[in-house]
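Quick notes on the structure that follows.
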Amino acid sequence: MYTRPRRNRKSQAIRLHAQETRLHTSQLIYPIFLFDGKDKKIEVKSLPGNYRWSLDRLIPEIEACMELGIYTFVLFPAVDESLKDKIASYSYAEENFYLHAIRTLKEKFPECCIMTDVAMDPYSSDGHDGYVENGQILNDKTLPILSKMAVAQAQAGADILGPSDMMDGRIAHMRDALDMEGFTNVSIMSYTAKYASGFYGPFRDALDSAPKAGDKKTYQMNPANKREALIEADLDIAEGADYLMVKPALPYLDVIHMLKTNYDIPISAYNVSGECAMLIAACQNGWLDFEKVMPEMLLSIHRAGADVILTYFAKAYAEMVKAGKIQY
Ligand code: PBG
């Protein structure tokens, strides 16, 4: 035998030479659930270790994460039912606590990178990402609402906007609205291939944002489809997206890989709430070892082609790196 692949696995030093992918803490984006109020931090039951935060409690948490090397946070608002309406008007209201939080965080931590969610569901009395009329989700009536929300978030100081709604034409609509208001430097991370997935359960628990009627299959993609993601990606590129996202991540590694091979802008993947919840549950039962499987899972998403990963494990990963349990 002249070739013995095992030689390149013989020690940690050599394994690190031969290592093909490395996932750095700076590639992680940490999702955070925010709600209005003071001195509150309430655990999401279906996603242990994750909380809904009031802003005052969140500030030291952001600081701690930044010390660990996490710089980007994606914020999601849990909105009181009484503030929801058909047109998601609270999403761009002057007194919106979410916009206030963005402003405060950017003032306190100018070097942190704040990403938002652009979709109607957290603010909609119908619980859908778009405008609902007679049980239909109306694409073109949704676009101006999304653009208003986008401009309000940009005004608050957001660095990256994350349209997660899957309406057709929304990237161009938002880009035009942003540019017209002078926000040419605000980035858009498009949820390009967002699937109608069963893995969003804990997230909808956290925000109380589940659809009141029907499901999201007329706008989110069919899990059986892969080539359709190319159509979405072509549109997003043409409409000015700065990143393309695949969501969820683990059940769609092939889609991540396909986008990485076909496009030259950064590819992101959202390791969604349900993916994290099932791993946490197995670890809590003693069936899996968290410190082994969590980094393996994130590495697989990176290996498939994601440059950036949105994950509820961002802090846990960063802590393991800091403790020397993960070597790059
Ligand atoms: C909704 C939105 C969802 C997630 C992010 N933005 C849920 C949905 O489409 O119903 C899910 C994220 C997760 O499960 O972690 N605009």
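Each residue takes its place number in the sequence, starting with 1. All ligand and atom numbering here is 1-based and tracks the order in the structure.
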- prompt: Mind checking whether Arg204 has an N or O less than 3.5 Å away from an N or O of ligand 1?
  reply: yes
message: Check this for me, if you would: do Asp36 and Arg52 make a salt bridge, where the nitrogen-to-carboxylate-oxygen distance has to be below 4.0 angstrom?
response: no
task: Using a strict 4.0 Å threshold on nitrogen-to-oxygen distance, state whether Glu81 and Lys212 make a salt bridge.
output: yes
How far is [atom] from the closest protein heavy atom, and which atom is that?
atom	answer
atom 8 (C) of ligand 1	Lys216 NZ, 3.3 Å
atom 9 (O) of ligand 1	Lys194 NZ, 2.7 Å
atom 1 (C) of ligand 1	Asp121 OD2, 2.8 Å

Heavy atom to [atom], shortest distance: which of [options] holds it?
atom	options	result
atom 3 (C) of ligand 1	Phe203, Tyr270, Tyr312	Phe203
atom 11 (C) of ligand 1	Glu275, Lys247, Gln220	Lys247
atom 16 (N) of ligand 1	Gly274, Ser209, Cys276, Ser164	Ser164

Tell me which part of [X] gets within contact of ligand 1: side chain, backbone, both or neither, using heavy atoms under 4.0 Å.
X	value
Val272	both
Asp165	neither
Ser273	both

query: Is the distance between the ring centroids of Phe203 and Phe76 less than 6.0 Å?
result: yes
message: Taking the ring of Tyr317 and the ring of Tyr30, is the distance between their centroids below 6.0 Å?
response: no
For ligand 1, which atoms sit closer than 4.0 Å to a heavy atom of [X]?
X	answer
Asp129	1 (C), 16 (N)
Ala119	16 (N)
Asp117	6 (N), 16 (N)

message: Would Lys41 pass as a cation-pi partner of Tyr51, given that its NZ or CZ must be under 6.0 Å from the six-membered ring centre and within 45 degrees of the axis?
response: yes
- prompt: Centre of Tyr123's six-membered ring, under 6.0 Å away, within 45 degrees of the axis: is that where NZ or CZ of Lys86 sits?
  reply: no
message: Quick check on side chain to side chain contact (heavy atoms under 4.5 Å, CB included): which of Val255, Thr192, Leu253, Asp254 does Val246 satisfy it with?
response: Val255
Side chains of residues 176-186: which donor-acceptor pairs under 3.5 Å do they make with residues two or more places apart or in other chains?
residue : atom : partner : partner atom : Å
Asp179  : OD1  : Arg175  : NE           : 3.1
Asp179  : OD1  : Arg175  : NH2          : 3.0

